[in-house]
Structure formats: C-alpha cells, structure tokens
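What follows is a short report on a single structure.
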Protein chains: 2
Amino acid sequence: MPAKDGAVARRTQAERSSATSSRLLATAEEMFGRDGYAATSLAAVAAAAGMTKGAAYHHFPGKAGLFREVFVRRLRWAAAALERVAVHAPDPWSALREGCRTFLECCTDPGFRQIVLLDGPAVLGWDAVREIEYEHLLRVLRDGMRAAAAEGWIAGGDLDVRSQLVFGALCEAGMMLARSPDPEGVFPAVAGEAERLLGALVRG
Amino acid sequence: MPAKDGAVARRTQAERSSATSSRLLATAEEMFGRDGYAATSLAAVAAAAGMTKGAAYHHFPGKAGLFREVFVRRLRWAAAALERVAVHAPDPWSALREGCRTFLECCTDPGFRQIVLLDGPAVLGWDAVREIEYEHLLRVLRDGMRAAAAEGWIAGGDLDVRSQLVFGALCEAGMMLARSPDPEGVFPAVAGEAERLLGALVRG
DNA sequence: TCGCTTTCATACCCAGGGTATGTAACTGTT
DNA sequence: AACAGTTACATACCCTGGGTATGAAAGCGA
C-alpha cells in the first residue's frame with residue numbers, strides 16, 4: 001500500500017470518474033437548458049466542463065445519452081419538490097392542488113421548460129419521455145388521484161388516462177408561464193384556471 | 001407572342017415554380033411525418049421530389065423554413081376537418097364536444113403526431129408554434145368556448161387560458177392514442193376522459 | 001514490479017446544413 | 001427577333017459537429 005506522493009492527494013478511480021461525470025452533467029444541464037439541445041455542441045459542453053469530447057464519450061453513450069441523464073435529473077428535481085409539498089397536505093385533495101401548483105412553479109425555471117417540455121420529446125422520443133415522466137411525476141399524480149377518488153373527493157373513471165390529460169394541461173400551463181413577459185403577473189390566472197380544471201373533476 | 005415550339009409545352013415561370021414548390025412540400029410532409037425532422041436530410045427530400053438541394057434553397061429559406069410550411073399545412077388540414085364538423089353542430093356545446101373529438105381523430109394520423117406534436121415545438125420554438133396553432137386551432141377553440149359561455153353552457157373565467165389548457169390536454173390525449181398499440185381500442189377511453197374533462201367545465 | 005484496466009486526449013472520418021457560382025429557362029422591351 | 005434582365009434551378013464547395021479509432025497516462029490487483 002503506497003503512501004501519498006507529496007502534497008498532491010492521489011485520487012481513486014471512482015473519485016475521478018464520478019467527479020468528471022458530475023461536472024459534465026452539471027455543465028450540460030446548464031447549457032442544454034439555456035441554449036437548447038440543437039444549439040449546444042457536445043464539444044462545447046466538454047470544453048466548458050474542462051475536458052474534451054473523448055471524456056464525454058467515455059462516460060456517456062453520446063449526446064442524446066447525456067441529454068437523457070440531464071432530463072432524468074430535472075425530473076428528479078421536480079419530483080423532490082412535489083414530495084416536499086405533498087407530505088404536508090392535510091388530505092388527498094389538498095395534496096393534488098398543492099402538487100399541481102408546485103409543478104407549475106417548477107415550470108417557471110427556464111431550464112426545466114427547455115429540457116423537459118421542449119426538447120425532451122423530440123430528442124428522446126415520446127415513449128421514452130413518457131416512461132421517465134411516469135416514473136417520477138405521473139405515477140405520483142395518478143396515485144394522488146386514486147387516493148382522492150377512494151375518499152370520494154373526485155369522480156371515478158379511467159384515472160390512468162385522466163392523470164395524463166391533466167399532466168398535459170399542466171405542461172401547457174407551464175409553457176404559458178415561461179413564455180409570458182411577466183410570469184409572476186400571470187401566474188395567478190394560469191394557476192387559477194388549472195385549479196378550476198382540477199376542481200371541475202370534483203364529484204358534484 | 002411566340003407559338004409553342006413543338007410537342008413540349010412550354011410552361012410559364014409561375015407554373016414551374018408552384019409545381020416544384022408543391023412537389024417539395026408534399027414530399028417533405030411525407031418524409032418529415034414518417035421519419036421525423038432530425039432523421040430527414042434536406043438533400044434526401046429534394047432527391048425524392050426529383051430535384052437537388054439548390055432548388056429547395058431557392059424556394060425555402062432552409063430546412064427549418066420548409067418544415068415550418070409543412071407544419072402550417074398540417075394545421076390547416078386539421079382546421080378544415082374541425083370546420084366541417086363544427087358547422088353542423090346544433091349548439092355551441094355540441095360543437096365543442098365534436099370539435100375535440102375530431103381533433104383526436106386528427107392525432108390518429110402518425111404524420112400529424114410527428115410533425116405537429118413532437119417535432120414542431122423543438123424545431124420552431126414554442127412561441128412560433130403557439131402562434132400558428134392559435135391562428136388555426138386555438139382561436140376556434142376559444143371562440144367556441146366563448147360562445148358556449150355566452151349561452152350559459154360552461155362557466156366563465158379566463159377563457160384564453162382555459163382553452164389553451166384544454167388544448168394541452170387534447171394534445172396529450174392525441175399522443176396517447178398514437179402511441180398505443182391498439183389506437184382504435186383505446187380511443188373510446190381516451191375520448192371519454194377528454195369529454196369528461198370538458199364536461200367538468202359545464203356550469204353545474 | 002509488472003501487466004491490466006480505467007480514464008481521458010488527440011486525430012480523424014463523414015453526414016449534412018448552408019452558400020457561392022454557373023447555367024439554362026422564361027420575360028419584358030425595342 | 002434579338003437582347004438584357006430575371007427567375008429557376010444544378011454543381012461544387014465550405015464547415016460545423018456527432019461519432020470513432022488510436023494512443024498515452026493514471027490508478028489497480030497480483
């Protein structure tokens with residue numbers, strides 16, 4: 001077992017690997033989110049992260065592969081925000097309302113909008129996007145609806161389909177927010193209509 | 001005024017131009033719809049239409065420009081279908097219901113799905129897509145809602161926002177239909193939930 | 001100490017969007 | 001009818017950028 005060779009701490013392989021991998025991911029998340037997928041070259045991302053294309057291709061299967069990881073990251077980020085809100089809700093119905101509002105706040109982030117809502121479907125294909133979104137967001141929304149339905153808050157029906165339709169409406173709402181010159185100003189109107197749409201499903 | 005020179009009918013510039021332009025558009029619509037924007041090269045489109053890239057660049061400002069024209073074409077196609085249905089509806093509420101169902105049927109077309117729902121936003125940007133969709137579909141939907149609201153069929157509110165949210169839900173529904181291995185089989189369930197979403201807005 | 005693997009950098013290939021230039025087909029004018 | 005000017009293409013080229021092949025240096029197990 002050799003000792004450290006002087007002041008420079010020698011790093012293990014796993015440390016090096018995960019460090020560069022993380023740097024690359026963070027840089028890619030920033031650039032994909034700011035400039036969009038098509039306008040961001042892989043070499044530029046690697047350079048901004050302090051390495052070359054070769055390193056990027058060593059850690060990820062390609063540009064689309066890197067984007068996919070970034071996409072998943074953003075979804076995890078949103079899912080974490082949802083989680084924090086939902087656990088404090090007093091009842092399933094409030095959890096639904098608060099969750100949807102939180103998702104809209106996530107859409108306020110320009111990077112989230114660009115990566116998840118705009119480029120995601122075109123780059124990864126709708127099926128892949130749908131699968132990842134299901135894993136992190138849609139299932140939560142569906143389960144929330146099921147819980148609300150079980151307690152009689154909302155009407156029954158095909159909740160798999162309905163949760164996805166609501167998700168589509170929320171994405172559109174998120175895009176409206178992001179596009180607006182005054183997101184904070186229109187937030188109440190958009191969030192209000194979104195809640196009305198949700199509230200319209202309440203069992204009368 | 002010179003006479004025709006033999007068997008070959010000489011064509012005017014406008015005829016030549018519009019003929020090649022149409023051929024290019026039709027071919028691009030087919031290939032973009034089948035293979036997607038990224039996987040379709042401009043040279044391939046031009047070749048399939050019996051010409052070279054030069055001709056394409058003479059008639060359109062570039063690949064994205066050509067795609068934009070194709071995109072508009074598809075929207076006009078869908079709008080025409082909506083128009084045919086809406087005029088026969090006995091009341092605003094039926095017009096809304098029938099219009100939404102017709103839109104879902106448009107989404108059954110794989111090319112429509114690929115061009116309008118998948119590639120459009122990423123290629124043209126959300127703002128441009130939104131503007132074109134507004135011109136052809138969203139305005140119709142909003143006006144339909146306004147008419148329905150004026151006659152007391154649905155509740156009031158911000159109908160600009162609400163129509164867009166409903167549109168988002170419909171697009172998602174369309175993607176579900178297109179993705180399904182058995183579109184005809186799931187059509188009733190999806191259309192049913194879409195109508196429920198719409199019906200939930202009915203003034204109680 | 002010595003292979004072996006992992007981690008990157010360098011150099012290269014090539015598909016494809018865009019452009020510059022040449023040429024043939026039409027058009028208005030005298 | 002001849003000519004200049006414009007339009008409608010084709011050909012040849014540039015160059016960005018994704019992907020790959022090769023090589024070197026840094027850990028790692030024996």
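Quantities reported herein were computed from a predicted structural model and do not represent experimental measurements.
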Are there any protein N/O atoms within less than 3.5 Å of an N/O atom in nucleotides 5-7 of chain C, and if so, which ones and at what distance?
from: C:dT6; atom 1: O4'; to: A:Q13; atom 2: NE2; distance (Å): 3.4
from: C:dT7; atom 1: OP1; to: A:S17; atom 2: OG; distance (Å): 3.1
from: C:dT7; atom 1: OP2; to: A:H58; atom 2: NE2; distance (Å): 3.1
from: C:dT7; atom 1: O4'; to: A:R16; atom 2: NH2; distance (Å): 3.4

request  = Could you check B:K63 against A:G54 and say which one's nearest nucleotide on DNA chain C is further toward the 5' end?
outcome  = A:G54
query = Do any pairs count as a salt bridge (charged side-chain N to carboxylate O under 4.0 Å, His left out) and have a residue in residues 32-52 of chain B, sequence neighbours left out, and if so which ones?
reply = B:E30-B:R34
Interatomic distance, [X] [atom1] vs [N] [atom2] [rounded to whole Å]:
{"X": "B:F60", "N": "C:dT19", "atom1": "CZ", "atom2": "P", "result": "16 Å"}
{"X": "A:K53", "N": "C:dT10", "atom1": "NZ", "atom2": "C1'", "result": "11 Å"}
{"X": "B:Y57", "N": "C:dT19", "atom1": "OH", "atom2": "C1'", "result": "9 Å"}
{"X": "B:M51", "N": "C:dT23", "atom1": "CE", "atom2": "P", "result": "22 Å"}
{"X": "A:R23", "N": "C:dC8", "atom1": "CZ", "atom2": "C1'", "result": "11 Å"}
{"X": "B:F32", "N": "C:dG16", "atom1": "CZ", "atom2": "C1'", "result": "13 Å"}
{"X": "B:E15", "N": "C:dT27", "atom1": "CD", "atom2": "C1'", "result": "14 Å"}

inquiry  = To the closest 0.5 Å, what do you measure between CG (A:D91) and CZ (A:R97)?
reply    =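 CZ of A:R97 is found 9.5 Å from CG of A:D91.
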key: Sidechain-backbone polar pair: B:T12 side chain, B:E15 backbone, donor-acceptor under 3.5 Å   = no
query = Should the pair A:K63 and A:F32 be classed as cation-pi, given the thresholds of under 6.0 Å to the six-membered ring centre and 45° from the axis?
reply = no
request  = Apply side-chain contact (heavy atoms from CB on, under 4.5 Å) to A:R142 and list each qualifying residue two or more places apart in sequence or on a separate chain.
outcome  =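 So A:R142 forms a side-chain contact (heavy atoms from CB on, under 4.5 Å) with A:Y134, A:R139, A:R146, A:D160, A:S163.
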key: Results of salt bridge (Lys or Arg N to Asp or Glu O under 4.0 Å) for A:R68 - residues two or more places apart only   =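 With neighbours one apart ignored, the set is empty.
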message = Applying a 4.0 Å non-hydrogen cut-off, can you work out what B:T40 is touching in the nucleic acid: base, sugar-phosphate, or nothing?
response =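 Since only primed, P, OP1 and OP2 atoms lie under 4.0 Å of B:T40, the category is sugar-phosphate.
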message = If you take any heavy atom closer than 4.0 Å to DNA chain D, which residues from residues 41-48 of chain B end up in contact?
response = none
ask   = Where the side chain of A:A55 is concerned, which of D:dC28, D:dT20, C:dA9 is the nearest nucleotide?
value = C:dA9
key: Nearest atoms (heavy-atom pairs only) where B:W93 meets B:G199   =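 Taking every non-hydrogen atom into account, CH2-CA, 3.6 Å.
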ask   = For B:E193 and B:R196, what are the C-alpha separation, side-chain angles and deciding distance, and is it a salt bridge (charged side-chain N to carboxylate O under 4.0 Å, His left out)?
value = CA-CA 5 Å; B:E193 276 296 332; B:R196 178 195 289 270; 3.6 Å; yes
task = Identify, with sequence neighbours excluded, every residue that meets ring pair (Phe, Tyr, Trp, His ring centres under 6.0 Å) alongside B:F60.
result = none
query = Should B:T52 be listed as having a side-chain N or O under 4.0 Å from OP1 or OP2 of D:dT11?
reply = no
